[in-house]
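Below is one structure, written out as structure tokens; the observations come after it.
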Amino acid sequence: MAGAGGAPWPGGDAAPAPLAAPARLLPALAAVYRAQLSRARVARIPLLFVATFQSVGIMVLMRGVVDGGVEARSVVAGSSVLVVAFVALNLLAQYFGQLRASGGLDHYATLPVPPAAVVLGAAAAYASFTAPGTVVTAVVGSVLFQLPMAHLWVLVAVIPLSGAALAGLGAALGLLAPRQELATLCGQLGMSAALLLGVLPAERMPAPVSYLRDLLPSTYGVEALARSFDGRPDWLVVCVDLGVCAGVAVISLTAATWAYRRAAVR
């Protein structure tokens with residue numbers, strides 16, 4: 001113990017060293033993002049190739065039953081966002097499930113890093129890997145179904161917003177699952193939901209299934225991208241879809257941050 005000015009207390013014990021100030025959110029977020037990006041660069045690129053090949057294959061199969069029009073736009077948009085779901089939802093759920101099972105969360109818990117920085121940094125790193133595959137899928141689908149590509153710049157908003165929404169959901173699933181195997185299962189189920197509810201045209205779905213589609217975070221990114229294939233898109237509706245997707249992203253990332261705090265203290 002020590003008295004004023006750092007002098008030792010009568011007991012002779014030295015003054016405890018002051019704790020370092022916790023890192024600020026943005027610098028910590030940047031550090032976690034760079035670390036996750038360099039870690040996943042080698043391991044995730046082959047999986048990104050698989051995700052892109054899978055989405056392109058789905059479009060080729062759907063080309064035999066869908067000729068064009070609204071259904072073709074839904075297929076291309078859904079297949080493009082499916083790349084995001086495969087990486088940001090499925091793989092991130094597996095990553096956080098593995099991190100929790102192996103005790104890796106203890107490492108982050110000992111660092112003066114805000115929980116939001118850990119979740120947002122990992123989510124941003126995984127979502128970043130989806131950009132090339134999503135663009136390739138959208139371009140190939142546009143050529144395959146003869147859709148206009150003049151407004152594909154909408155992907156600049158669709159990729160990060162859909163990626164944030166799905167990454168937040170994937171992180172929450174991985175952190176809340178009591179076992180690593182359940183985290184993997186939840187990630188697979190989430191990607192399957194994005195496949196069935198996002199790629200298939202909404203007009204062909206029964207009413208109860210369409211309600212489930214509205215609850216899927218990626219739906220609004222799919223809708224925004226699909227509307228951009230119109231000759232004269234209704235940009236107000238596109239902005240509304242993107243706004244809803246942004247709101248869902250905030251909610252899912254907040255839930256993931258809460259799940260991280262809950263898992264880190266156990």
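Basis for what follows: all heavy atoms, side chains included, without hydrogens, waters or symmetry-related copies. All of these numbers come straight from a predicted model, not from anything done at the bench.
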Heavy-atom pair of closest approach, residues Gly221 and Cys245:
N-SG, 4.1 Å
Just by modelled atom types, is the Ser55 backbone N or O under 3.5 Å from a matching donor or acceptor in the Thr137 side chain?
no
Give, for atom CG of Leu197 and atom CG of Leu82, the distance between the pair rounded to the nearest 0.5 Å.
11.5 Å
What I'd like to find out is whether the side chain of Asp214 reaches to under 4.5 Å of the side chain of Tyr220, using heavy atoms alone.
yes
Cation-pi between Arg63 and Phe145: NZ/CZ under 6.0 Å from ring centre and within 45° of the ring axis?
yes
Taking the side chain as everything from C-beta on, heavy atoms only, tell me whether Thr184 gets closer than 4.5 Å to Gln98.
no
So which atom in Leu166 and which in Ser218 form the shortest heavy-atom distance, rounded to 0.1 Å?
CD1-CB, 3.7 Å
Taking Ser252 for the side chain and Ala249 for the main chain, is one N or O donor matched with an acceptor at less than 3.5 Å?
yes
Can you check whether Thr52 reaches Phe49 side chain to side chain, under 4.5 Å on heavy atoms?
no
Between Arg262 and Leu175, is any pair of side-chain heavy atoms under 4.5 Å apart?
no
Just so I know, are the side chains of Val237 and Arg227 near enough to count as touching, which here means a heavy-atom distance under 4.5 Å?
yes
Could you report the tightest heavy-atom contact between Leu92 and Ala167, atom names first, then the distance?
CD2-O, 3.2 Å
How close do Asp230 and His151 get, heavy atom to heavy atom, and via which atoms?
O-CD2, 4.0 Å
